[in-house]
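One structure is given below, encoded as structure tokens.
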Number of protein chains: 2
Amino acid sequence: MKAGVLFSGGKDSALAAVMLSRDYEVELNTFVFRPGQDIAAVKDAAQALGFPHFTRVLGDALLQEACDMVVGCGYPNDAINLVHRHAISRLAALYPVVGDGTRFNDRVPMLSTGEVQSIEARLGCSYVRPLLGFGTSEVKRLAERHLVVRFGETGEIENGDYEHEIRGALRDRGCDLASLFPARHRQSLVVSVICG
Amino acid sequence: MKAGVLFSGGKDSALAAVMLSRDYEVELNTFVFRPGQDIAAVKDAAQALGFPHFTRVLGDALLQEACDMVVGCGYPNDAINLVHRHAISRLAALYPVVGDGTRFNDRVPMLSTGEVQSIEARLGCSYVRPLLGFGTSEVKRLAERHLVVRFGETGEIENGDYEHEIRGALRDRGCDLASLFPARHRQSLVVSVICG
């Protein structure tokens with residue numbers, strides 16, 4: 001059974017892919033807004049994991065909608081969830097099972113129980129989150145067991161989370177990013193896999 | 001790293017144990033209220049899975065408290081959650097990691113986010129639920145991939161869920177079980193494991 005996993009190149013989505021690969025034929029999927037977006041580091045991370053990897057384009061209209069929402073809310077959470085729902089819906093049309101790296105303690109992206117049930121019912125897929133039942137310390141332990149990961153602040157680490165392009169588009173609009181995004185946001189990028 | 005898994009002999013706790021065994025040294029733990037309780041079928045299920053199995057006694061005081069709660073509420077949910085919290089707390093004193101077969105769509109036993117955080121903080125353990133991120137259809141698919149399971153109504157299947165002994169104690173009190181418990185409640189018992 002194929003499972004399409006949302007993949008940013010970061011620790012959580014990589015660990016979710018590793019865990020799902022024990023029971024499913026995993027394919028990694030990275031979403032960008034604009035086709036020219038450079039995600040070389042994410043492609044390297046996918047290659048290190050050894051699963052097929054696809055880049056999919058969400059389009060500029062959704063990017064602008066997400067930017068409007070960040071400006072309207074004054075913070076990025078709702079916009080990130082909006083984009084996440086779009087990405088899952090796109091994969092649901094392509095795979096019988098769609099997965100991501102959502103953890104128990106995550107705030108965004110995080111779909112409500114009703115949103116999950118709606119996606120599964122409307123789109124006829126299963127939406128699975130192998131890390132949902134694990135807290136921070138166990139996710140850390142499992143990641144250290146399976147992955148070599150590089151950490152850094154947003155800007156230093158070129159992974160494929162939605163925020164990167166949203167920040168760029170808001171910068172193009174002349175927005176003050178410091179007033180819209182949390183000051184510190186640690187990002188991760190998978191470098192290699194620990195075998196065995 | 002050892003993980004103590006709550007084990008009823010049923011499909012969900014067995015599947016949780018199988019999934020956790022890929023990353024942890026799993027030990028199965030079945031809780032009974034009274035030491036003489038016959039759980040031969042649960043022991044057979046544990047042997048089929050091939051993990052060490054321990055029977056632990058919760059005591060008659062908790063059984064009576066649970067019965068009082070069922071009668072007071074008019075339904076068993078709160079009492080089942082009470083017993084589940086006790087069982088997890090007991091395992092948390094014995095293992096660094098405690099797991100169970102809670103699924104995304106379960107209503108009971110189901111601890112709230114606050115209860116989970118409280119258990120982890122107070123008792124210094126990790127509480128993990130490998131099936132929490134999987135809906136009904138995926139749990140079914142995974143169980144069919146790994147386990148041969150026998151199904152039946154409560155009474156026909158002698159697994160080790162808490163309800164069995166609570167029903168017995170309420171029957172001893174002369175209570176009308178039909179007014180306190182749902183009419184139909186499908187139970188499961190693991191018969192064997194599908195290798196490979």
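Both backbone and side-chain heavy atoms feed into the values below; hydrogens, waters and symmetry mates do not. Given the structure is predicted, the values throughout are model-derived calculations rather than measurements. Below, chains carry the letters A, B, ... as their sequence lines are ordered, and counting in each starts from 1.
- Relative to the six-membered ring of Phe31(A), Arg90(A) misses at least one condition, a distance below 6.0 Å or an angle of at most 45° to the axis.
- Salt bridge status for Glu27(B) with Lys2(B): present, with a side-chain N to carboxylate O gap under 4.0 Å.
- If you measure heavy-atom distances from Tyr127(B) to chain A, the contacts under 4.5 Å come from the backbone alone.
- Ser188(A) places no side-chain N or O within donor-acceptor distance of the main-chain N or O of Val149(A), the cut-off being under 3.5 Å.
- The pair Arg129(A)-Asp100(A) does not meet the salt-bridge criterion, since no charged nitrogen lies less than 4.0 angstrom from a carboxylate oxygen.
- Proximity to chain A (any heavy atom under 4.5 Å) is restricted, for Arg141(B), to the side chain, taken from C-beta onward.
- Residue contact with chain A, scored on non-hydrogen atoms closer than 4.5 Å, involves the backbone and the side chain of Thr113(B) alike.
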